[in-house]
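Structure, as structure tokens:
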Amino acid sequence: ITLNGFSYTSSAPKIYSFKANLEDIVGNKDMISVLKKAVRNLLKYDPESKSNVMYTEFDGFQRTFTFYGPPGSGKSITIEALLHEATEFAEKIGRPLEIENVTNAFKSEYYSKSTQNLKEIFDRVREGDTACILILDDIDTILFSRNELDNRPEDKAILGTVMNYLEGIEAPKFGNDLVIATTNRPEILDNALFSRLSESVIYVPGPQIVDEYVQLFKIKLRKSIQNGLVKVNGKEWQDIGEECSRLRLSGRDVKNISRELLERIYDAEEPEEVFSLTPAEQVQLLRSIYNPISANLFLKEIVEYRERIKV
């Protein structure tokens with residue numbers, strides 16, 4: 001498994017350790033279903049024969065995906081969870097898999113070489129030695145519409161390189177790649193680029209209903225709940241979910257609120273003896289001195305957070 005966070009030199013890949021798991025994802029079921037199927041199809045690719053049975057014996061599969069939705073809806077974390085599963089499955093079946101994460105960073109740090117770096121990635125895919133998943137996260141910050149590129153030749157070259165890779169004589173022919181793009185603003189993408197990425201276009205809303213908010217909070221605060229530091233009962237969880245739904249909070253909002261609640265829990269004077277204890281003894285002591293949060297405090301934090309982000 002090769003994981004490159006846009007490797008500026010092909011010999012120095014950036015290694016990722018994926019922490020997100022699918023059980024940590026709330027909602028976004030369409031996105032998960034489509035990508036799981038796509039990964040299964042991709043990993044049918046055989047690098048020895050440089051062929052994929054889905055192309056040689058069947059009629060191919062969706063290769064390009066665009067996921068759009070509001071900021072904080074969970075597009076990036078869902079992709080990370082799917083990549084986690086994909087790398088584990090590839091290792092299990094013994095198939096090579098390369099993941100390339102192209103972000104806006106390469107333009108700011110290696111602007112004059114960015115087109116060449118992209119071509120090196122695409123050339124590796126076209127060689128057919130491995131299956132590859134190419135991630136274009138927040139693509140609207142990487143590739144701009146041609147209407148905006150009159151005085152930006154390097155950006156124009158980057159856009160042309162990507163479009164030629166996606167469709168045309170330079171596109172891979174083996175069935176060994178997936179291209180996954182995300183954006184908060186699909187309306188500003190170059191029309192020709194968007195058409196090349198539109199085999200599957202899926203809206204990603206993030207949490208919307210009461211149960212999804214409750215489930216997400218329970219995931220973010222799982223260990224504090226297990227340690228008895230979140231004093232919230234069933235009806236109170238319902239009230240919390242209803243408040244989040246009323247305020248139309250995003251998944252990122254839930255994450256931020258959870259971190260602030262944890263700061264409240266951990267805001268306690270710790271005796272120096274904690275450092276001389278065994279881990280089990282540390283847990284017991286910390287449970288006794290940390291500050292449990294009530295449903296009322298939970299709801300207060302949600303309302304105060306919402307007021308702060310309005311400013």
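Judged by distance alone, with hydrogens and angles left aside, the side-chain atoms of T278 form a donor-acceptor pair with the main-chain N or O of E281 at under 3.5 Å. Under a 3.5 Å cut-off, the side chain of S245 and the backbone N or O of E242 do not form any donor-acceptor pair. Between the side chain of N52 and the backbone N or O of N176, no donor-acceptor pair lies under 3.5 Å. Checking side-chain atoms of E236 against main-chain N and O of N233 turns up a donor-acceptor pair under 3.5 Å. Judged by distance alone, with hydrogens and angles left aside, the side-chain atoms of S73 form no donor-acceptor pair with the main-chain N or O of G69 at under 3.5 Å.
Salt-bridge annotation for E301 and R308: present, with a side-chain N of the basic residue lying under 4.0 Å from a carboxylate O of the acidic one. Taking 4.0 Å as the cut-off between side-chain N and carboxylate O, D123 and R126 count as a salt-bridged pair.
Other residues, nucleotides and ligands contribute over 12 non-hydrogen atoms within 6.0 Å of the NZ atom of K50. No more than 12 heavy atoms of other residues, nucleotides or ligands shown are found within 6.0 angstrom of CD on E48.
The shortest distance between side-chain heavy atoms of L134 and L178 does not fall below 4.5 Å. In this structure the side chain of E98 never reaches within 4.5 angstrom of the side chain of I133, judged on heavy atoms. Proximity of T161 to F122: side-chain heavy atoms (C-beta onward) are separated by under 4.5 Å at one or more points. Contact of the V179 side chain with the L136 side chain is registered, since non-hydrogen atoms from C-beta on lie closer than 4.5 Å.
For the residue pair D137 / T182, a side-chain donor-acceptor distance below 3.5 Å is found, with atom types taken as modelled. Between the side chains of E80 and H84, no donor-acceptor pair is found at a separation under 3.5 Å. With 3.5 Å as the limit, one finds a donor-acceptor pair spanning the side chains of Y290 and E270. A donor and an acceptor atom, one from each side chain of S33 and D30, are nowhere located under 3.5 Å apart. S224 and N227 are not linked by any side-chain donor-acceptor pair at a separation below 3.5 angstrom, with hydrogens and angles left out of the test. With hydrogens and angles left out, the side-chain atoms of N28 and K75 include no donor and acceptor closer than 3.5 Å.
Here the CG atom belonging to D24 is positioned 10.0 Å from the CD atom belonging to Q215, to the nearest 0.5 angstrom. Taking CG from L249 and OH from Y305, the interatomic distance works out to 7.5 Å, rounded to the nearest 0.5 Å.
Linking ILVMFWY side-chain heavy atoms closer than 4.5 Å, directly or via other members, places I240 and V303 in two distinct hydrophobic clusters.
A cation-pi geometry, defined here as NZ or CZ lying under 6.0 Å from the six-membered ring centre and within 45° of its normal, holds between R63 and Y165. A cation-pi arrangement, defined by a distance under 6.0 Å to the six-membered ring centre and an angle within 45 degrees of its axis, is present between R40 and F89.
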Test salt bridge (charged side-chain N to carboxylate O under 4.0 Å, His left out) applied to K300 and E307, step by step: CA-CA 11 Å; K300 180 182 177 184; E307 289 300 316; over 6 Å; no

Step-by-step salt bridge (charged side-chain N to carboxylate O under 4.0 Å, His left out) determination, E243 to R246: CA-CA 5 Å; E243 183 68 3; R246 183 184 71 82; 2.7 Å; yes

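A distance of 6.0 Å or more separates the ring centres of Y45 and Y55. The aromatic ring centroids of W237 and F298 lie less than 6.0 Å from each other.
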